[in-house]
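Okay, structure first, notes after.
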2 protein chains.
Amino acid sequence: MPSPRRPTITDVARHAGVSKGAVSFALNGRPGVADSTRARILDSARELGWVPDHRAQALSRSRAMAMGWIIARPARLLGADAFFPLFLAGVETRLSEVGRALVLHVVEGGPDAEAAVYRRLAAGRVDGVFLTDLCANDPRFDLVERLQIPALAVGRPCDPQRLPWVGVDDGTGALAAVRHLVELGHRRIAHVQGVPGLVHTTSRRCAWETGLREAGIPLGPMVTGNFDGLQGAEATRSLLAWDPRPTAIVYASDLMAIAGMQVLAAEGIQVPGNISVVGFDDVAVARLLHPPLTTVRHDVMAWGRAAASSLLAITDGEEPTTGWLDPAELVIRDSTAPPPKPLHTITAKD
Amino acid sequence: MPSPRRPTITDVARHAGVSKGAVSFALNGRPGVADSTRARILDSARELGWVPDHRAQALSRSRAMAMGWIIARPARLLGADAFFPLFLAGVETRLSEVGRALVLHVVEGGPDAEAAVYRRLAAGRVDGVFLTDLCANDPRFDLVERLQIPALAVGRPCDPQRLPWVGVDDGTGALAAVRHLVELGHRRIAHVQGVPGLVHTTSRRCAWETGLREAGIPLGPMVTGNFDGLQGAEATRSLLAWDPRPTAIVYASDLMAIAGMQVLAAEGIQVPGNISVVGFDDVAVARLLHPPLTTVRHDVMAWGRAAASSLLAITDGEEPTTGWLDPAELVIRDSTAPPPKPLHTITAKD
DNA sequence: TTGTACGCGTTATCAA
DNA sequence: TTGATAACGCGTACAA
């Protein structure tokens, strides 16, 4: 059996008795082809089972029909990341609608390795890139400019003029969390922040500070966690050593909060009876915990969709939508409650 | 400022004073070019900052230099999936090593929409595809054959002759879980299975049945869950209504187990005091729960790496590694313990 | 509508 | 052995 070579546009042209150009016009729905001819061409294409060759199309259109996302992070951490799969799902659904693919790269090994991947992608592999995990003085801003590759920042860059961006204001949600705790009567509210340097770590911490300040509460203890939850456990233990001990802890991620709750449970500290806990992300298990976790939700899939739309606009030469999407919002469940003692120390019942 | 057009191979050739062909030979490290000439060409390329255009390379080599992974599942579920991010990370690290990209598609909307995406990818967008979420009589086997696109099954297909495959034997781990419970003295061991039809759902359930049979225990109650954890809660409630009530539950996923534990906690049932719980996957939070979850771990990243290696071999015309990787293994933590009552009801001191 | 040059790297052919 | 030349892959776009 001879290997049935995939039909090319030439085969379709011959079959329909027209030229290559006519086929191209007909299939891209452009004027200049008589209706009857167009119908004949479409029939031929269907009959032969012709599908445009992606490589040829990419070359002649000078477009890769794909977007790139480079994640510079130890691959193992992706398993514990709340943002990654949902953002990806959002991006993907949007790109699929217009026949674009997502080219994904996970790169470990420092800025040089990362830059090398950007260079590879810029050489016609993708039409644009998403920049996630923004940090202060992000070197990728220079990089994409030098590489002349369209880019979209996911989150608000420190210099928002430099690049189009789409962000979810997580500060609003974090502030709502602190206000919620203040309303419940908490005066000693600690914070476990995320990886230092990332803009969302900063924005969440600043929101926490703002919340305390507007309530006239001195800044409470703050410790630093990281991507996985393990640091959340350690951070929690160090907070418990504080004197006076915090009555509430605002974590920068659900995973750290979950790890923290385990430490509290192991120490015999009731949540929310003795200490209130707030997470961030609203991961799938958050509502399944005991107690269900009060947390801050952001619609990450919608974020992904919006980011994809913006990047598509950029690469298509249109004006991209840029700025904030719906802000993150507080989801109150059962891990927050009034603090154990009436208010402050004045009722020195201790 | 004139837009500094990216240099082409012709520019390099002119700069080095040789022909296009010579440049191509030199840069691909092939014989037929004098060492001095080769060095001159490489210098020119470096000086001009030339990087081969991916689109042109793909067209002339008739290779996309990318692999495809089509996930036919509601995008929203990716956020709660334990397999997806880790498998992806494993695939990605391997593909990156050889300069290949991963083209990802999430598709909702039934078999037709799915088939359409395979057709698109087969038209030169990728060189091969991963087939995950295998099910009995999987229609994709015919599809990839008809499309003549190299494919690798992730997991053991029902007909393992049909396609190269790489799997992790989760039955071994599930069986170990049941044996562990039997050794602890459990005689009423329930199972919450995953999405019906998937091969791993079947293999886990069969392992549970085998474990019970070899212990001489009649098959206990079994209920069906799904991808997200919510069904795990409902399933657990229905198991609690069983009489006599199970003393242990083996869940087909950690997420369902976590949801189940919340139900148990809400009902005032101690874990593991009253009921033992076993999960599956060993997600990041499993060890962070209270109590830490006994579960079955499979190295999903290694699975991804191995799958990528096999698919690369296939597309490179080599003999792919196929078959089982290291089996899943039981991780005993604190959610399992002897049942509350001595043995059965008869105290049959076998 | 047709014919054909073009995009750009690869490779077969052939001359030196 | 070295290297130039030209055909090739396949869809697009413009002149005719």
Side-chain angles (χ1 to χ4, degrees), chain A residues 3-42 44-45 48-66 99 119-120 122-125 127 316, chain B residues 3-42 44-45 48-66 99 120 122-127 316:
Chain A
S3 87
R5 183 181 54 81
R6 287 170 46 76
T8 73
I9 200 171
T10 310
D11 297 321
V12 178
R14 187 165 33 228
H15 188 276
V18 295
S19 71
K20 270 171 45 174
V23 176
S24 180
F25 270 60
L27 280 137
N28 292 322
R30 291 164 41 164
V33 190
D35 283 350
S36 61
T37 313
R38 186 185 302 272
R40 188 153 42 87
I41 292 172
L42 293 177
S44 295
L48 296 176
W50 177 80
V51 182
D53 182 278
H54 177 260
R55 293 174 292 245
Q57 221 166 28
L59 180 63
S60 60
R61 287 182 176 167
S62 298
R63 311 186 119 244
M65 304 294 281
R119 235 185 311 280
R120 270 227 313 274
R125 168 81 88 170
D127 301 318
D316 291 351
Chain B
S3 88
R5 184 179 54 82
R6 287 171 48 76
T8 74
I9 200 173
T10 309
D11 298 320
V12 178
R14 187 164 34 226
H15 188 275
V18 295
S19 70
K20 269 170 49 172
V23 176
S24 180
F25 273 61
L27 279 136
N28 292 321
R30 294 170 35 167
V33 188
D35 282 350
S36 61
T37 313
R38 186 185 302 271
R40 189 155 39 90
I41 292 171
L42 293 178
S44 294
L48 295 176
W50 177 78
V51 183
D53 182 278
H54 177 261
R55 295 174 289 244
Q57 222 167 26
L59 179 63
S60 60
R61 287 181 176 166
S62 298
R63 309 186 120 245
M65 305 292 281
R120 269 228 312 274
R125 169 81 89 168
V126 301
D127 301 317
D316 292 351

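Throughout, protein chains are lettered first and strands after them, A, B, ... in sequence-line order, and every chain is numbered starting at 1. Quantities reported herein were computed from a predicted structural model and do not represent experimental measurements.
- Using a cut-off of 4.0 Å between Lys/Arg side-chain N and Asp/Glu carboxylate O, A/Arg63 and A/Asp316 are scored as salt-bridged.
- Between A/Pro31 and A/Ala56, the residue anchored closer to the 5' end of DNA chain C is A/Pro31, taking for each the nucleotide with the nearest heavy atom.
- Atom pair B/Arg125:CZ and D/dC10:P shows a separation of 17 Å (rounding to whole Å applied).
- Distances were taken from every side-chain heavy atom of B/Ala34 (C-beta onward) to each of C/dT2, D/dT2, C/dG7; the shortest belongs to D/dT2.
- Considering only heavy atoms from C-beta on, B/Arg125 comes within 4.5 Å of A/Met65 through its side chain.
- One atom, CG of A/Leu59, and another, C1' of C/dT10, lie 12 Å apart when rounded to the nearest Å.
- Side-chain N/O atoms of A/Thr37 include one lying less than 4.0 angstrom from OP1 or OP2 on C/dT1.
- In this model, the phosphate group of D/dC10 is not approached by any side-chain N or O of A/Trp50 to a distance below 4.0 Å at OP1 or OP2.
- A/Arg55 has its CZ atom 18 Å from the P atom of D/dC8, to the nearest Å.
- Contact check, A/Ser60 against C/dG7: no side-chain N or O comes under 4.0 Å of OP1 or OP2.
- Rounded to whole Å, atom P of D/dG9 lies 20 Å from atom NE2 of B/His54.
- Rounded to a whole Å, the CG atom of A/Asp53 is 6 Å from the C1' atom of D/dC10.
- Residue B/Val23 is out of contact with every strand shown, counting any heavy-atom pair closer than 4.0 Å.
- Distance B/Asp11 CG to C/dC8 C1': 11 Å, rounded to the nearest Å.
- The backbone N or O of A/Ala22 lies less than 3.5 Å from no partner atom in the side chain of A/Arg38, so there is not a single donor-acceptor pair.
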_B/Val23 vs B/Val18, test: side chain to side chain contact (heavy atoms under 4.5 Å, CB included). Steps then yes/no._
CA-CA 7 Å; B/Val23 176; B/Val18 295; 3.8 Å; yes

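- B/Arg63 has its CZ atom 19 Å from the P atom of C/dG9, to the nearest Å.
- By the 4.5 Å heavy-atom criterion applied to side chains, B/Arg55 and B/Leu59 are not counted as neighbours.
- Comparing C/dT2, D/dG11, C/dC8 by their closest approach to the side chain of A/Ala22 singles out C/dT2.
- B/Phe25 has its CZ atom 8 Å from the C1' atom of C/dT10, to the nearest Å.
- Among the atoms of the strands shown, only primed sugar atoms or phosphate atoms (P, OP1, OP2) are found under 4.0 Å from some heavy atom of A/Thr8.
- The side chain of B/Gln57 places an N or O atom within less than 4.0 Å of a non-bridging phosphate oxygen (OP1 or OP2) of C/dT10.
- Counting non-hydrogen atoms under 4.0 angstrom, A/Arg30 reaches the backbone sugars and phosphates but no base.
- Candidate nucleotides C/dG9, D/dT12, D/dA4 were compared by shortest atom distance to the side chain of B/Val18, and D/dA4 ranks first.
- Sequence order on DNA chain D of the closest nucleotides to B/Arg40 and A/Val51 puts B/Arg40 first from the 5' end.
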